[in-house]
Amino acid sequence: MEVGQMQRSLVDYTKSLFLEGVLDGQFLQLQQLQDETNPDFVAEVVSLFFEDSQRLLNDLTRTLDQPNVDFKIVDAHVHQLKGSSSSIGAQRVKNSCIAFRNSCEAQNIEGCMRCLQQVKQEYFLAKNKLETLFRLEQQIVAAGGSIPIMELSF
């Protein structure tokens with residue numbers, strides 16, 4: 001595939017992530033912080049998000065499996081996950097965390113368990129799609145092309 005076609009595919013794929021609500025404008029702001037001096041900035045930040053999120057999801061699973069659930073701990077973990085997902089523009093993960101926090105406030109264990117599954121689903125969807133996005137970018141660079149600059153104009 002030629003570079004121009006790969007760039008168009010990347011732009012179309014990225015647009016789909018916004019249209020599906022997987023990403024929001026915060027992701028574009030993160031991309032604007034990347035430059036020639038740090039060309040892997042976004043991938044590195046998102047990789048840290050993946051690591052942190054996986055730890056938080058594991059902690060949430062363990063905490064909710066306890067006989068006496070400490071909803072303050074659950075809420076603290078969900079609050080942290082909401083903040084980090086918001087900071088990279090993972091909109092659907094963030095929105096799932098908002099519903100999760102509502103179940104924590106109500107101390108609704110069944111609601112929390114449902115929300116945990118929803119957050120996990122949205123997290124793995126975002127992770128899969130962002131990994132695909134980064135692979136497309138790597139292919140373009142490997143073929144000698146540059147990554148097109150995205151704007152919210154669609």
Side-chain angles (χ1 to χ4, degrees), residues 1-65 74-104 111-154:
M1 188 183 312
E2 59 109 358
V3 172
Q5 189 176 355
M6 286 191 285
Q7 289 170 325
R8 285 187 296 280
S9 293
L10 176 66
V11 168
D12 291 343
Y13 184 75
T14 305
K15 283 182 182 179
S16 76
L17 298 181
F18 286 93
L19 295 172
E20 294 169 12
V22 174
L23 297 177
D24 64 20
Q26 184 63 35
F27 185 77
L28 293 178
Q29 290 182 0
L30 189 64
Q31 286 182 316
Q32 290 172 355
L33 297 173
Q34 183 167 291
D35 59 21
E36 302 82 33
T37 62
N38 195 356
D40 298 324
F41 177 75
V42 175
E44 290 170 4
V45 169
V46 171
S47 178
L48 291 172
F49 165 73
F50 291 157
E51 291 171 19
D52 191 46
S53 297
Q54 193 60 62
R55 179 187 54 78
L56 287 168
L57 290 170
N58 291 338
D59 289 348
L60 281 164
T61 301
R62 275 193 299 280
T63 304
L64 287 170
D65 282 342
V74 174
D75 187 61
H77 290 322
V78 175
H79 180 71
Q80 188 176 354
L81 182 58
K82 178 181 158 244
S84 59
S85 60
S86 179
S87 71
I88 68 148
Q91 182 175 359
R92 287 170 52 167
V93 176
K94 177 190 74 176
N95 290 344
S96 295
C97 288
I98 292 169
F100 201 157
R101 291 196 75 198
N102 291 337
S103 289
C104 286
C112 284
M113 294 300 280
R114 279 191 306 276
C115 287
L116 175 60
Q117 293 311 310
Q118 182 66 34
V119 168
K120 283 181 178 180
Q121 182 178 330
E122 295 299 345
Y123 163 76
F124 286 114
L125 174 72
K127 185 175 191 288
N128 179 279
K129 293 199 177 257
L130 284 166
E131 287 173 343
T132 299
L133 178 78
F134 295 139
R135 270 194 307 278
L136 290 170
E137 288 180 349
Q138 289 169 348
Q139 290 169 358
I140 290 169
V141 171
S146 61
I147 306 303
I149 303 298
M150 291 291 302
E151 294 180 14
L152 280 179
S153 61
F154 45 90

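The shown structure was predicted, so the numbers you read here are calculated from the model rather than taken from an experiment. Values below: every heavy atom of this structure, side chains too, minus hydrogens, waters and symmetry copies.
A donor-acceptor pair is defined here as one N or O able to donate and one able to accept, closer than 3.5 Å; such a pair exists between the side chain of S87 and the backbone of S84. Distance alone, capped at 3.5 Å, places no donor-acceptor pair between the S53 side chain and the F50 backbone. The closest donor-acceptor contact from the side chain of D35 to the backbone of N38 lies under 3.5 Å. Under a 3.5 Å cut-off, the side chain of S47 and the backbone N or O of E44 do not form any donor-acceptor pair. Although no hydrogens or angles enter the test, the distance criterion places no donor-acceptor pair under 3.5 Å between the side chain of Q26 and the main chain of S86. D52 places no side-chain N or O within 3.5 Å of a backbone atom of L48 that could act as its donor or acceptor partner.
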Is there a side-chain contact (heavy atoms from CB on, under 4.5 Å) between L136 and M6? Walk through the geometry before answering.
CA-CA 7 Å; L136 290 170; M6 286 191 285; over 6 Å; no
Would Q118 and F100 count as a side-chain contact (heavy atoms from CB on, under 4.5 Å) here? Give the steps.
CA-CA 9 Å; Q118 182 66 34; F100 201 157; over 6 Å; no
Does the pair L23 and Q91 meet the rule for a side-chain contact (heavy atoms from CB on, under 4.5 Å), with working shown?
CA-CA 5 Å; L23 297 177; Q91 182 175 359; over 6 Å; no
Apply side-chain contact (heavy atoms from CB on, under 4.5 Å) to T14 and E137, showing your working.
CA-CA 11 Å; T14 305; E137 288 180 349; 6.0 Å; no
Evaluate the side-chain hydrogen bond (donor to acceptor under 3.5 Å, both in side chains) criterion for residues Q117 and Q121: first the C-alpha distance (whole Å), next the side-chain angles of each, then the deciding distance (0.1 Å), finally the verdict.
CA-CA 6 Å; Q117 293 311 310; Q121 182 178 330; over 6 Å; no
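Using a 4.5 Å heavy-atom cutoff, the side chains of T132 and R135 are in contact. Between L130 and I88 there is a side-chain heavy-atom pair separated by less than 4.5 Å. Taking the side chain as every heavy atom from C-beta outward, V119 and V78 never approach each other to under 4.5 Å.
Taking CZ of R114 as the start and CG of L116 as the end, the distance is 12.0 Å to the nearest 0.5 Å. If you take OG on S85 and CG on N95, they are separated by 8.5 Å, rounding to the nearest 0.5 Å. The line from NE2 of H77 to CG of L64 is 9.0 Å long, rounded to the nearest 0.5 Å. Distance CD/Q32 to CD1/I149: 8.5 Å, rounded to 0.5 Å. The distance from atom CG of L10 to atom CD1 of I140, rounded to the nearest 0.5 Å, is 4.5 Å. Separation of atoms CD (Q7) and CD (Q139) is listed at 12.5 Å; rounding is to 0.5 Å.
Between C115 and S103, the shortest heavy-atom distance links the atoms SG-OG, 3.7 Å. V11 approaches P148 most closely through the heavy-atom pair CG2-CG, 3.7 Å. Looking at every heavy atom in both residues, L30 comes nearest to V42 through O-CG2, 3.7 Å. In terms of heavy atoms, Q54 sits closest to Y123 at OE1-CE2, 3.6 Å.
Under the 4.0 Å criterion applied to side-chain N and carboxylate O atoms, R92 and E20 are not assigned as salt-bridge partners. Between K127 and E131, at least one side-chain nitrogen of the basic residue sits less than 4.0 Å from a carboxylate oxygen of the acidic one, meeting the salt-bridge criterion. Using a 4.0 Å cut-off between a side-chain N of Lys or Arg and a carboxylate O of Asp or Glu, R55 and D59 qualify as a salt bridge.
Inspection of the S96 and K82 side chains reveals no N or O donor paired with an N or O acceptor under 3.5 Å.
Ring orientation note: the planes of F134 and F27 are tilted relative to one another, at an angle of 30° to 60°.
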